[in-house]
Amino acid sequence: MRTGSMRRWIERFAQRLPGYRQEHPLAHRLTRYVLACSLGFAVVSTALQLAIEYRREMRLIDQRLELIRSGYLGSLARSLWDVDDDQLRLQLQGILYFPDVSGLRLERAESGSTIVMRVQPRTPRIPVREHVFALAHAAPDGMRDLGRLVVEVDVDAVLGRLAWSGATIFVSQSVTLLLIAAVLAVVFQWLVTRHLESMARYARQLGAGHLDAPLTLARTPSATADELDAVVAALNDMRVAIRTEIGRRQRAHEQLASSRDQLRDRVEKRTRSLRAAKETAEAANRAKSQFLATMSHEIRTPMNGMLGMIQLLRQRPLPDAIGAELEVLHRSGESLLATLNHVLDYARLEEGAHLPESVAFSLRKLVDDQLQLVNAAARQKGLELLAEVDHTLPDGYCGSVGGLRQVLANLLANAIKFTSSGRVTLRVRAAATAEVGRLRFEVEDQGIGIEAAQLGRIFERFTQADESITRRFGGTGLGLAICRKLVEGMGGVLDVSSTVGVGSRFWFEVPLQRAPEVPAADREATEILATPSAAGAGEESDLPSLSLLLVEDVAINRQVLVGLLENAGHLVFTAEDGPSALAMCRQQGFDAILMDMHLPGLSGAEVARRIRSDAGNLNAAAPIVALTASIAPEDIRHYLECGMDGVVAKPIRLEVLRRTLAEVLRTPVVPLACARGAADGTRTDAVDARLLGTHASVFGSGRLQALLAQFAVQAAGARTQLAEALAREDLYETEAIAHKLAGSCELLGLERSGRCLRELERRAADDDLGACRALFEQLGAPFEDDLNSAREVATSLAQGRAAAPA
């Protein structure tokens, strides 16, 4: 029964043995290390025991040999001397009985005979060790050598005993150590390994999220906690900490989800608020633009009549007294127009309008002209006007002479206005900088001065030093604000230094390019061309008598324009509104049509559109010139889209009207559908060349080039903002930026880029991020191409205008 149980246990152990290494790797390694150490200890112990036994055996052999030396050699020598062979053999037989003595050999010295005695026959396989003893006898005549005794010791017997003893020792110690190792392995498995395995399983359960039950080990609790108890406590503490952290994170997640929902609601509310604010701001901007356009029209329209009548009267022979009064009336009207222009110019500058075009001019003539303009006002107050121009400066420069003239006129007028006695000095010298061609203009007066606290405010719009200044001297408070805008637009800086009761010194520095010196005979013509009021006067002789239709609803304006045009030799027909103009255009052909934009009923733009779209109209291809006070870039674009060929701003000057008529009549009328892309036949959908030409006609070619340059800088920043907004996936910001940039492209004639940006704006409004990114990638190179094409058109227009007077 017991044998069967043992056999079954052995079978189960044999079955589990192959998987023991995988199931209990630590116990397996420990058992392996214990077994290896036990075998090593057994080997070392056995070797030591064998060494001790060997030394003991060798000492016994030495003792026996010493016994032979001391007890047998003397009797053997006497027996040999006495020749007693029997006694000799008996003595040898006694030595042969010694342990480990396998044989004896007695060699006689005198006879040479040898007696050999062995326990067993000697074979070469059995190793022996021979010990030789000399035999001598003390004879009367001295010591006699009788021979020698050779004792053979059986080394093989000694080694056999040592081998058996070593095997016995090794087996006994190995069994003992193996039993100890087995006991240690079982004890370690019972006390440590199985508990470590339980901890490992529990740690895996913790990792799987099973945190309900604490860890307990299947063992009897001890009085004092040991290392396993410390590990168990640490695992249980970790379980509690994990549960606490999971609970905290769940609460934080719930709170975050709640905060996210609240934030989403706030963002949606804020987005709606921002959209409403954006719409309000756009509405306010449109209202401001509409207000400016309305004010421009409502004020310029009666001024058109006033100044037109004055132009008619000045062309007639009048008495000197009436002529002087008429001149005062003309100056008053021009002053009123200048005040209006200050307001409107500042608004245009705020919206990014640009300076008059850059032309070559004479620096010293510019200074002389500005002093002559204010000389009468200075003489009237008894002031001394001085000009100090550095003699080392060249006379010819290229720059925005119109802007310089406006800034100097304003600064000189202010200096005279606020100076009751003394002098006003205009100085021009090179600026104290390393930049070549940078000039410094100074206007110094001996007037009332400005308090230090007010110096930072006087360049703000509608602001003067104090209210008493306005009551005493008048003014809108826009002059210095416009001057600063103009100077900054020219790339310069404007500033002031002043002392109350002593005077003020206004100065500005601007970069100007050197121009070749021009002969005196040509200098005057150059200055005339640089003056806007006289531009184009040289074309009067090239304009033949024309048949013109004037469409104008204001009677005084009709009267003025008819008088001016008839005095110039033209035949003028008039219409008071749109239907009348359409009827006349169906009945009679005209060389050109002058169309007021603000007509009752049908607007001038709608009348022009109907004339162009009516194939049976006799004037479908006739040039149409818009007469308007609304000359913002978006207004000009609208006029051209309606079929206009040119724009003349009110109040109308006869020379400007003549020049525009000459330009539109010199070039055949381009149908509206083919107008775009005239500058580059290979890309008819890229830029609107006619719109750019009209901008150049109204604002000047230099102004158009400066406008394109500033737009390039602004567009680069806007495209960077677009890229950042798309990277943030902020489609609201993308829509806003694309809307602004598309409007600017359309106003400047960049048709293809404007269409791409409008599509980008629409996709952003539809929350289509992928399409927005694709459209932005498509915008890159075509945008640069369109901008370069627009610059080429502006350059060609500038070259054409420069060659026209010749």
Side-chain angles (χ1 to χ4, degrees), residues 1-48 169-260:
M1 187 70 179
R2 184 175 299 174
T3 304
S5 300
M6 180 65 69
R7 186 172 59 255
R8 287 193 297 272
W9 182 85
I10 293 174
E11 290 176 355
R12 288 197 302 270
F13 179 77
Q15 292 174 358
R16 294 182 59 186
L17 187 61
Y20 181 79
R21 179 177 180 180
Q22 288 76 20
E23 295 178 1
H24 309 285
L26 181 61
H28 177 269
R29 287 197 300 272
L30 180 63
T31 303
R32 188 173 59 188
Y33 294 153
V34 169
L35 289 176
C37 293
S38 299
L39 291 175
F41 292 151
V43 170
V44 172
S45 176
T46 302
L48 290 175
I169 294 171
F170 179 76
V171 171
S172 61
Q173 289 189 355
S174 297
V175 171
T176 302
L177 291 175
L178 288 176
L179 290 176
I180 294 173
V183 171
L184 288 177
V186 172
V187 171
F188 187 79
Q189 171 69 23
W190 179 258
L191 295 179
V192 179
T193 305
R194 67 190 185 101
H195 300 312
L196 291 178
E197 293 171 352
S198 299
M199 295 176 190
R201 288 192 297 270
Y202 187 76
R204 286 192 291 270
Q205 292 177 1
L206 291 181
H210 303 291
L211 306 172
D212 299 330
L215 173 62
T216 56
L217 298 180
R219 66 173 187 161
T220 304
S222 59
T224 57
D226 55 14
E227 292 82 354
L228 293 178
D229 293 327
V231 176
V232 170
L235 287 174
N236 287 327
D237 292 341
M238 183 175 69
R239 178 185 68 87
V240 174
I242 292 174
R243 292 189 61 180
T244 303
E245 179 66 17
I246 290 176
R248 187 190 66 78
R249 291 192 177 186
Q250 288 178 347
R251 292 191 298 272
H253 179 72
E254 294 172 358
Q255 184 177 2
L256 180 62
S258 176
S259 300
R260 182 187 58 198

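Throughout, residue positions are numbered sequentially from 1 according to the sequence presented.
- Between the side chain of Ser45 and the backbone N or O of Phe41 there is no donor-acceptor pair closer than 3.5 Å.
- Atom CD1 of residue Ile180 and atom CD of residue Gln173 lie 10.0 Å apart, to the nearest 0.5 angstrom.
- The side-chain contact (heavy atoms from CB on, under 4.5 Å) check on Ile246 picks up Leu211, Ile242, Gln250, with sequence neighbours excluded.
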- Apply side-chain contact (heavy atoms from CB on, under 4.5 Å) to the pair Glu254 and Ser258, showing each step before the final yes or no. CA-CA 6 Å; Glu254 294 172 358; Ser258 176; over 6 Å; no
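- Across all non-hydrogen atoms, the minimal contact from Val232 to Leu215 is CG1-O, 3.5 Å.
- Here the shortest heavy-atom pairing between Ala213 and Tyr202 reads O-OH, 2.7 Å.
- Within the structure, salt bridge (Lys or Arg N to Asp or Glu O under 4.0 Å) pairs that include any residue of residues 232-247 comprise Glu245-Arg248, Glu245-Arg249 (at least two apart or interchain).
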